[in-house]
Amino acid sequence: MTEDISVSRLYNIWACMKQRCDNPNHTAAKWYHDKGIRVCPEWHNSFITFLVWAAQNGYEDGLTIDRINADDAYCPDNCRWIPFKENCSRKRRATKKSAEDCLVFAENLARLQAERGETNYRLAKEIDVSQTSIKNWKESVCHPHPRQVKKLAKHFGVTVDSLLKSSDGQ
């Protein structure tokens with residue numbers, strides 16, 4: 001059942017979901033923890049239970065978890081797998097960021113890193129984050145805190161705007 005899915009990617013989704021909801025110091029705490037968004041006990045206490053649910057409910061690499069009712073918990077009855085662009089668009093409506101904005105950052109980061117021939121390990125060490133964070137940013141699984149965007153800009157010798165905008169300035 002789980003042979004064809006990326007267990008490590010799912011584990012990262014599960015762990016990030018729990019961190020957003022449980023850790024009052026998480027960069028996204030104001031949208032999750034502080035609003036009382038939680039992970040249901042069956043998922044919170046068992047990655048395997050979450051993995052089985054994901055496999056039985058249409059998980060594919062490239063999809064992201066979405067809470068159907070944004071005011072409710074992460075649980076089987078309130079979650080689904082949707083394309084990143086759709087999820088990003090749903091999340092960003094209130095802040096007027098589009099799915100394209102999210103993808104532009106990921107593409108710019110990957111391009112700058114490739115231009116330098118820099119590994120995720122090296123970049124993570126330079127800006128003091130985990131390799132998983134770098135990977136997740138480039139796959140648009142999650143997004144960096146503004147302070148991390150500033151560190152990235154300084155590291156690459158570019159402006160924050162050039163990291164966040166497309167090459168045509170849009």
Side-chain angles (χ1 to χ4, degrees), residues 1-2 4-110 129-152 160-161 163-166 170:
M1 164 173 59
T2 61
D4 296 332
I5 64 175
S6 173
V7 173
S8 63
R9 183 172 185 273
L10 270 170
Y11 184 86
N12 286 336
I13 291 168
W14 177 75
C16 285
M17 174 178 64
K18 289 179 25 172
Q19 275 295 309
R20 286 190 300 273
C21 296
D22 294 351
N23 182 351
N25 299 314
H26 191 276
T27 57
K30 67 181 174 184
W31 296 291
Y32 297 90
H33 177 274
D34 297 355
K35 288 186 174 184
I37 304 299
R38 298 295 181 253
V39 178
C40 68
E42 64 188 284
W43 285 359
H44 193 279
N45 299 328
S46 173
F47 169 66
I48 297 300
T49 301
F50 177 74
L51 176 69
V52 169
W53 172 85
Q56 293 174 342
N57 286 276
Y59 173 80
E60 296 175 13
D61 283 349
L63 295 179
T64 58
I65 195 163
D66 175 61
R67 284 175 295 119
I68 298 163
N69 178 344
D71 296 322
D72 251 343
Y74 284 100
C75 63
D77 293 339
N78 191 45
C79 289
R80 61 185 173 176
W81 297 104
I82 62 175
F84 168 73
K85 281 186 176 185
E86 182 180 341
N87 199 349
C88 190
S89 179
R90 283 172 47 87
K91 286 181 188 175
R92 302 295 182 217
R93 279 187 199 131
T95 62
K96 304 209 186 301
K97 283 191 176 181
S98 69
E100 287 75 29
D101 294 333
C102 299
L103 292 174
V104 165
F105 170 78
E107 290 167 359
N108 287 340
L109 176 59
V129 297
S130 71
Q131 291 181 69
T132 301
S133 291
I134 302 294
K135 180 179 180 291
N136 287 342
W137 298 341
K138 290 181 357 188
E139 292 177 0
S140 298
V141 170
C142 56
H143 308 285
H145 187 276
R147 125 180 105 249
Q148 294 163 326
V149 174
K150 288 178 185 176
K151 282 184 177 182
L152 286 164
V160 168
D161 279 350
L163 266 175
L164 301 176
K165 294 185 178 181
S166 64
Q170 300 287 319

Practice prompt. Could you tell me whether the side chains of Asp72 and Tyr74 share a donor-acceptor contact shorter than 3.5 Å?
Written response: no
Worksheet item: How would you list, by chain and number, every residue that makes a side chain to side chain donor-acceptor pair (under 3.5 Å) with His26, sequence neighbours excluded?
Response: none
Worksheet item: Does Pro41 offer a backbone N or O that forms a donor-acceptor pair with the side chain of Asn45 under 3.5 Å?
Response: yes
Worksheet entry | Least distance between heavy atoms, Leu163 atom then Asn108 atom | O-ND2, 3.0 Å
Worksheet item: Going by heavy atoms in the side chains, are Cys79 and Arg67 under 4.5 Å from each other?
Response: yes
Practice prompt. Spell out, as yes or no, whether a donor-acceptor pair under 3.5 Å connects the side chain of Trp53 to the backbone of Cys75.
Written response: no
Discussion item. Please report the interatomic distance CG(Leu10) to CE(Met17), rounded to the nearest 0.5 Å.
Written reply: 9.5 Å
Worksheet item: Run the side chain to side chain contact (heavy atoms under 4.5 Å, CB included) check on Ile13 and Phe50 step by step: do they pass?
Response: CA-CA 10 Å; Ile13 291 168; Phe50 177 74; 4.2 Å; yes
Worksheet item: What's the spacing between Thr64 OG1 and Arg9 CZ if we round to 0.5 Å?
Response: 7.5 Å
Worksheet item: Do Val160 and Lys150 pass the side chain to side chain contact (heavy atoms under 4.5 Å, CB included) test, and can you show the C-alpha distance, the side-chain angles, and the key distance before you say yes or no?
Response: CA-CA 6 Å; Val160 168; Lys150 288 178 185 176; 4.1 Å; yes
Practice prompt. Please examine the side chains of His44 and Cys21, heavy atoms only from C-beta on, and report whether any two atoms are closer than 4.5 Å.
Written response: no
Discussion item. Test of understanding: with side chain to side chain contact (heavy atoms under 4.5 Å, CB included), list the residues that count as partners of Lys151, not counting sequence neighbours.
Written reply: Ile127, Asp128
Worksheet item: Counting N and O atoms only, with roles assigned by atom type, does the side chain of Arg20 sit under 3.5 Å from a partner on the main chain of Ala15, one being a donor and the other an acceptor?
Response: no
Practice prompt. Give a yes or no answer on whether the side chain of Asp66 reaches the backbone of Arg80 with a donor-acceptor pair at less than 3.5 Å.
Written response: no
Discussion item. Would you compute the distance between atom CG of Leu164 and atom CZ of Phe105 and round it to the nearest 0.5 angstrom?
Written reply: 7.0 Å
Discussion item. As a quick check of understanding, evaluate side chain to side chain contact (heavy atoms under 4.5 Å, CB included) for Leu51 and Tyr11, giving each step before the final call.
Written reply: CA-CA 8 Å; Leu51 176 69; Tyr11 184 86; over 6 Å; no
Practice prompt. Look only at the side chain of Lys138 and the backbone of Leu109, and say whether a donor-acceptor pair between them is shorter than 3.5 Å.
Written response: no
Discussion item. A side-chain contact here means heavy atoms from C-beta on lying under 4.5 Å apart; do Trp14 and Ile65 qualify?
Written reply: no
